[in-house]
Amino acid sequence: MTKPVIQIDNQVREMTDAEIAQLEADRLEHAADVEKAENLQIARTNALAKLEALGLTAAEIAALVG
Amino acid sequence: MGANAQTTVPTFVDGQVLTAAQQNQSARTGVPVFADTTARDAAFGGAGEKTLAEGQLCYVENLTGVAQIQYYDGANWVSLTAGGLIPITTSSFTSVTSVSVNNCFTSTYQNYFIMAVTGDPATAQTFTMRLRAGGTDTTSSNYFRLNIGIENSGTQRDVTGQSTSFFMGFVGAGSKFAASFDVFSPQEAELTRIAGNSVNNNLNHTGVTAYNLGGWFDLTTQFDGFSLLFGANTTGVVRVYAYANS
C-alpha cells in the first residue's frame, strides 16, 4: 500500500511510520472535533425550539442568544 | 563615515590613466547580484574583496524562494520593500498530505502573515496547522483553539478547546480552501498566537463555511516554521510574509 506523501520545504517524500501513526491519531482527534461541533449545533437547535415553544418571538430569541 | 562611504562620484576623461583606487571605486559602486545569501556573504571581506560596511546594496536572486534587494545596516542585511509586508517564502505543493515550511520565522521579524490556497482534498478532511521548531512538528496538546464557524445555511459549527494543532477548517472533498491568518511572536519566548479567517465548502459539500480562526500555543517555545496538515492528498500554495514593525 502506498504511504502518504508529505512536502518539507522543497523535498517531497513518503511519511515515516511515526508520521503515519501521528496522522492516524490526528484523524481520531478530528473526528471528535466534528462530532463535538455537530452536537453543539444540535443542542443549539433544540434550545431554540424550546424557546420558541415557550412563546418567544424570533426577535426575542435573537435578542437573547444572538 | 563607513569604510565604503564615498566622497566623490567621479567622471573620467578620454586618455586619463586610472589608478587602482579609482578603478576599485568604480567597480564597487554598482549593485552586485548574488544567487543566494551564501554567495552574498562569501563575496565580501576576503582577499581582494571589498570590506562589507554600512550602506552596501545587493540583489539576491533567491532569498528563501524570493528575489530581494537588500542593504547592509552595519550589522545585518535588511530587505528593502515598498511597504510593511515583506515576502519571506512561497511553497507550492502537489498531491501531498501535508506541507511544512522551515526557517520562515526568524528573530528579524516579530509577526507574520500566512496565506494558503488549495484545491480539492482527495477526501473530506479537517485542515489543521502545527508549529515547528528545528524541523520537527510540535504535537503536544498545547494548542488552544477558539474558532467560530458559520455555514451559509446558518448552521453554526464552532471548534474550541485544547488540541494538538490549530484548526483551519472542515473541508469537503471537491472543495476549494483559502485561509489567511497572522502568527504573532513565533520566534519570541512568548505565547505564539494566531488570528485570521478561512473559507471553504463544508464537509458534506452542501454549502460554504467561513471560520474566524483564533488560538494560541500556551508555552513560550520559540518556533521557526509550521506545517499545514490536510489529512489527504491536496494541491495548493502557501505564502509567508513578515510584518515590518512601524
Side-chain angles (χ1 to χ4, degrees), chain A, chain B residues 64-65 89 91-104 122-128 130 132 135-137 139 141 143 145 147 149-151 153-165 167 170-171 202-204 209 211 225 227-236 238:
Chain A
M1 185 176 161
T2 308
K3 291 182 176 179
V5 172
I6 63 174
Q7 179 171 322
I8 300 173
D9 294 327
N10 293 322
Q11 181 200 10
V12 178
R13 63 165 173 78
E14 290 186 342
M15 276 187 167
T16 63
D17 290 344
E19 288 165 342
I20 292 172
Q22 183 64 56
L23 177 64
E24 294 304 323
D26 290 346
R27 284 179 173 155
L28 291 175
E29 194 172 55
H30 298 164
D33 279 339
V34 171
E35 187 178 356
K36 186 178 171 186
E38 287 179 350
N39 289 340
L40 199 65
Q41 173 59 19
I42 291 168
R44 186 171 185 272
T45 302
N46 290 341
L48 292 174
K50 288 176 182 174
L51 289 173
E52 197 174 346
L54 288 172
L56 275 69
T57 65
E60 288 169 336
I61 293 172
L64 192 62
V65 300
Chain B
T64 59
T89 189
S91 186
S92 299
F93 49 90
T94 304
S95 296
V96 295
T97 307
S98 67
V99 61
S100 300
V101 181
N102 288 325
N103 303 316
C104 59
T123 57
Q125 295 292 335
T126 300
F127 283 12
T128 60
R130 279 201 174 104
R132 288 169 72 81
T136 304
D137 280 9
T139 58
S141 294
Y143 297 83
R145 308 167 301 169
N147 305 285
I150 189 84
E151 297 182 357
S153 63
T155 301
Q156 196 166 339
R157 295 199 188 281
D158 300 343
V159 177
T160 60
Q162 200 168 346
S163 183
T164 63
S165 59
F167 176 83
F170 291 136
V171 184
N202 64 17
L203 280 177
N204 301 320
T209 306
Y211 268 96
S227 294
L228 292 177
L229 311 165
F230 311 120
N233 281 350
T234 302
T235 296
V238 57

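Hydrogens, waters and symmetry mates are skipped; everything else that's a heavy atom, side chains included, is used. Every value quoted in this text rests on a predicted model; they were computed, and no experiment measured them.
- Note: B/Leu229 CG to A/His30 NE2 = 7.0 Å, rounded to the nearest 0.5 Å.
- For the set B/Thr139, B/Asn103, B/Thr94, B/Asp137, the entry with the most heavy-atom pairs within less than 4.5 Å of chain A is B/Thr139.
- Between A/Ile61 and A/Leu48 there is a side-chain heavy-atom pair separated by less than 4.5 Å.
- Side-chain contact between B/Thr97 and B/Asn233 is present, with at least one heavy-atom pair separated by less than 4.5 Å.
- With a threshold of 4.5 angstrom between heavy atoms, A/Asp9 approaches chain B through its backbone and through its side chain.
- When the candidates A/Gln11, A/Gln41, A/Lys36 are compared by the number of heavy-atom contacts under 4.5 Å with chain B, A/Gln41 comes out ahead.
- The parts of B/Thr160 that come within reach of chain A are both its backbone and its side chain, each placing non-hydrogen atoms under 4.5 angstrom from that chain.
- Of the two parts of A/Leu40, only the side chain, counted from C-beta on, holds a non-hydrogen atom closer than 4.5 Å to a non-hydrogen atom of chain B.
- Taking chain A as the reference chain and counting heavy-atom pairs below 4.5 Å, the highest number among B/Arg130, B/Gln125, B/Arg132 is found for B/Arg130.
- Within the 4.5 angstrom heavy-atom criterion, atoms from both the backbone and the side chain of B/Val99 approach chain A.
- With a 4.5 Å cut-off on non-hydrogen atoms, B/Ser98 touches chain A through its backbone and its side chain both.
- For A/Glu38, the parts lying under 4.5 angstrom from a heavy atom of chain B are both the backbone and the side chain.
- In this structure the side chain of A/Ile8 reaches within 4.5 angstrom of the side chain of A/Arg13, judged on heavy atoms.
- No option in B/Tyr211, B/Phe230, B/Phe170, B/Phe167 other than B/Phe230 meets the side-chain contact (heavy atoms from CB on, under 4.5 Å) test with B/Phe127.
- In this structure, the side chains of A/Asp26 and B/Thr164 come closer than 4.5 Å at one or more pairs of heavy atoms.
- When side chains are defined from C-beta on, B/Phe93 counts as touching B/Val238, because their heavy atoms get closer than 4.5 Å.
- Of the two parts of B/Thr89, neither the backbone nor the side chain holds a non-hydrogen atom closer than 4.5 Å to a non-hydrogen atom of chain A.
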